[in-house]
J.: 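First the structure, which I've put down as structure tokens, then a few questions once you've had a look.
Proteins get letters first, then strands, A, B, ... in listed order; numbering begins at 1 in each. Computed from a prediction, not measured in an experiment: that's the story for all the values here.
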Amino acid sequence: VAKARDIPGLDPAMSFAAAAALAVETRSRELLDHADGVLDVSDIERVHDMRVATRRLRAVIEIFSSCLPKRERRAALREVKTLADALGERRDADVAIAALEGLAKSLTTEDRMGVKSLVDSLRARQQEANQDLAGALAAVEEDRLADRLAGLIGAGEPVQ
Amino acid sequence: VRARKVKGLRPDAQLIDAARRILAVRLGEVESFAAAVTDPADERALHDMRIAFKRLRYVLEVTRPCFGDAANEAIASARRFQDILGEIHDCDVMVPMVEDHIQRLRMEDLASVRAASDGNVEPDAAALRTAPNRRRYRGLETTATYFRARRELLYRRLMRELGGGRWSGFREGVDTMAGAGA
């Protein structure tokens, strides 16, 4: 899993509100940067990294909630959670498939039959989850989540 | 489980003071599950403790500049506990998933045999030869057994870690960060 990015400019003596702006900006950028290639089911770490990035962003929104405007904060949390749920559905299927395929290598050819039948049903679930994820990613674009996050921290420019 | 509210976080407070307050609450959250997870069957407590570790780790990742190496050590320990708890959770998901799959195969085969025996007093035993899933049961029970065994071993490892120096070192480390200078 990708390591959390350091937050540039953070200083123990700065105000909690100033730290909030820096933390939300860094974590927002982290999330949006992880969108590339996330629908590629041959590289399951991308979904994992983006999912963790949603958690880190939600965490900072919650940590610094007293510094962020309530209405905008709730709206941003709701949108990020919707994306996180879609990533989670894909991730659940990815993890189960990887675990079963790893185990299958140690089984006899006959015993692999049953595991394959379960993996096949999980592959169908993975495809379905991937379609939902594609929709969630499109919604992030359409709803201009980057702008909303920028608005949350009072920055003039959207987080790219 | 919902995160406990941290009171008194003023926007004009210094980051380090706010960070200490948050850490104290998040550590209390993690510790609150320590007794419940001694019951290996308490899946809920194990899951909640994992989430609590995660919340604490995310706070440390953001406030790391306030605490230096102590934060890095606590992040590594939290990560280790979280990983073991996560793997236990994966087993708790896998076992019922495999069992549900077996049940689904059975139901499909039952429907097939029932359809082939329609109108008969006795089911048609020959219909078993064409049951759609007759070859798909192999290895599934073994797979469920594997994940049960894996869960047991992971749980033992967790108990060893919670009873050892890593847990006490983690608590002391976070407690010191939360309390230092407060």
Side-chain angles (χ1 to χ4, degrees), chain A residues 1 3-24 26-27 30 52 55-68 92-93 95-100 102-104 106-122 125, chain B residues 2-3 5-22 26 51 54-68 75 79 83 86-87 89-91 93-94 97-98 100-102 104-105 132-144 146-147 150:
Chain A
V1 63
K3 278 186 73 168
R5 287 183 194 167
D6 286 333
I7 296 163
L10 209 74
D11 183 275
M14 75 189 336
S15 74
F16 195 47
L22 295 175
V24 172
T26 300
R27 291 292 180 257
E30 208 170 3
V52 173
R55 287 195 178 133
R56 288 190 172 123
L57 175 57
R58 287 167 70 192
V60 294
I61 294 174
E62 283 162 7
I63 290 166
F64 294 104
S65 61
S66 63
C67 308
L68 305 169
D92 288 348
V95 168
I97 290 168
L100 289 166
L103 176 65
S106 305
L107 299 178
T108 63
T109 308
E110 292 79 14
D111 281 351
R112 273 184 221 148
M113 297 275 287
V115 176
K116 186 183 176 302
S117 73
L118 177 50
V119 169
D120 288 345
S121 75
L122 284 164
R125 194 174 127 192
Chain B
R2 284 181 75 88
K5 197 165 169 55
V6 184
K7 292 177 183 160
L9 290 176
R10 293 194 340 267
D12 61 345
Q14 278 199 336
L15 171 64
I16 190 160
D17 293 331
R20 284 177 182 141
R21 276 176 190 272
I22 300 168
R26 295 289 168 259
I51 304 300
K54 204 179 286 186
R55 284 197 184 114
L56 176 50
R57 182 163 68 86
Y58 291 158
V59 174
L60 285 167
E61 283 175 354
V62 171
T63 60
R64 193 177 354 212
C66 300
F67 305 110
I75 287 169
R79 184 70 192 269
D83 284 348
E87 288 185 50
H89 179 69
D90 287 347
C91 294
V93 170
M94 289 305 296
M97 180 189 289
V98 175
D100 287 351
H101 184 65
I102 294 171
R104 204 162 41 245
L105 297 179
N133 300 317
R134 65 193 180 284
R135 294 198 178 93
R136 295 188 181 132
Y137 298 93
R138 285 278 313 247
L140 287 172
E141 288 292 352
T142 324
T143 298
Y146 168 80
F147 285 111
R150 180 168 163 72

J.: Are L140(B) and H101(B) side-chain neighbours, meaning at least one heavy-atom pair lies under 4.5 Å?
T.: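 The answer is yes, as the side chains (C-beta and beyond) meet within the 4.5 Å cut-off.
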J.: For a 4.5 angstrom cut-off between non-hydrogen side-chain atoms, does R20(B) reach I16(B)?
T.: yes
J.: Where does D11(A) contact chain B at under 4.5 Å (heavy atoms): side chain, backbone, both or neither?
T.: backbone
J.: Highest number of heavy-atom pairs under 4.5 Å with chain B: which of A59(A), S66(A), C67(A)?
T.: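 Option with the greatest count: S66(A).
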J.: Go through the atoms of V60(A) and report whether side chain, backbone, both or neither lie under 4.5 Å from a heavy atom of chain B.
T.: side chain
J.: Between R136(B) and G114(A) (side chain of the first, backbone of the second, donor and acceptor by atom type, cut-off under 3.5 Å), is there such a pair?
T.: no
J.: Pick one of side chain, backbone, both or neither for R21(B), based on which atoms fall under 4.5 Å of a heavy atom in chain A.
T.: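 It is neither, since no heavy atom gets under 4.5 Å.
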J.: Using heavy-atom distances under 4.5 Å, tell me whether V6(B) contacts chain A through its side chain, its backbone, both, or neither.
T.: neither
J.: With side chain to side chain contact (heavy atoms under 4.5 Å, CB included) as the test, would you mind laying out the steps for L100(A) and F147(B) before giving the verdict?
T.: CA-CA 10 Å; L100(A) 289 166; F147(B) 285 111; 4.1 Å; yes
J.: So what's closer than 4.5 Å to chain B heavy atoms on T108(A): side chain, backbone, both or neither?
T.: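 For T108(A), the contact with chain B is made by the side chain alone.
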J.: Y58(B) and I75(B): side chain to side chain contact (heavy atoms under 4.5 Å, CB included), yes or no, with the steps?
T.: CA-CA 9 Å; Y58(B) 291 158; I75(B) 287 169; over 6 Å; no
J.: Can you tell which of R55(B), R64(B), R10(B), K54(B) has the highest number of heavy-atom pairs within less than 4.5 Å of chain A?
T.: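 Ranked by contacts with chain A, first place is K54(B).
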J.: Need one label for L105(B): side chain, backbone, both or neither, based on atoms under 4.5 Å from any heavy atom in chain A.
T.: side chain
J.: Is it the side chain or the backbone of L107(A) that comes within 4.5 Å of chain B heavy atoms, both, or neither?
T.: side chain
J.: For R55(A), enumerate each residue passing the side chain to side chain donor-acceptor pair (under 3.5 Å) test, keeping only those at least two apart in sequence or located in another chain.
T.: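 So R55(A) forms no side chain to side chain donor-acceptor pair (under 3.5 Å) with any residue.
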J.: What part of I7(A) lies closer than 4.5 angstrom to a heavy atom of chain B: side chain, backbone, both or neither?
T.: side chain
J.: Counting only pairs under 3.5 Å, give me each side-chain donor-acceptor contact of residues 13-22 of chain A, with atom names and distances, residues two or more places apart or in other chains.
T.:
unit_1	atom_1	unit_2	atom_2	d
S15(A)	OG	A18(A)	N	3.0

J.: Does a salt bridge link R5(A) with E61(B), judged by any charged N lying under 4.0 Å from a carboxylate O?
T.: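 Looking at R5(A) and E61(B), the cut-off is not met.
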J.: Answer with side chain, backbone, both or neither: which region of L122(A) has an atom nearer than 4.5 Å to a non-hydrogen atom of chain B?
T.: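 The side chain, not the backbone.
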J.: Side chain, backbone, both or neither: which part of A23(A) has a heavy atom under 4.5 Å from chain B?
T.: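 Just its side chain gets close to chain B.
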J.: Given heavy-atom pairs under 4.5 angstrom as the criterion, report whether the side chain, backbone, both or neither of I22(B) touches chain A.
T.: side chain
J.: Any sub-3.5 Å donor-acceptor pair from T143(B)'s side-chain atoms to G139(B)'s backbone N or O?
T.: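 Side chain of T143(B) to backbone of G139(B): a pair is present.
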J.: Given a strict heavy-atom distance threshold of 4.5 Å, which part of L103(A) is in contact with chain B: side chain, backbone, both, or neither?
T.: side chain
J.: Given the rule in the salt bridge (charged side-chain N to carboxylate O under 4.0 Å, His left out) test, do R104(B) and D100(B) qualify, once you have shown the distances and angles that lead to the verdict?
T.: CA-CA 6 Å; R104(B) 204 162 41 245; D100(B) 287 351; 5.9 Å; no
J.: With only heavy atoms counted, which part of F67(B) is less than 4.5 Å from chain A, the side chain, the backbone, both or neither?
T.: neither
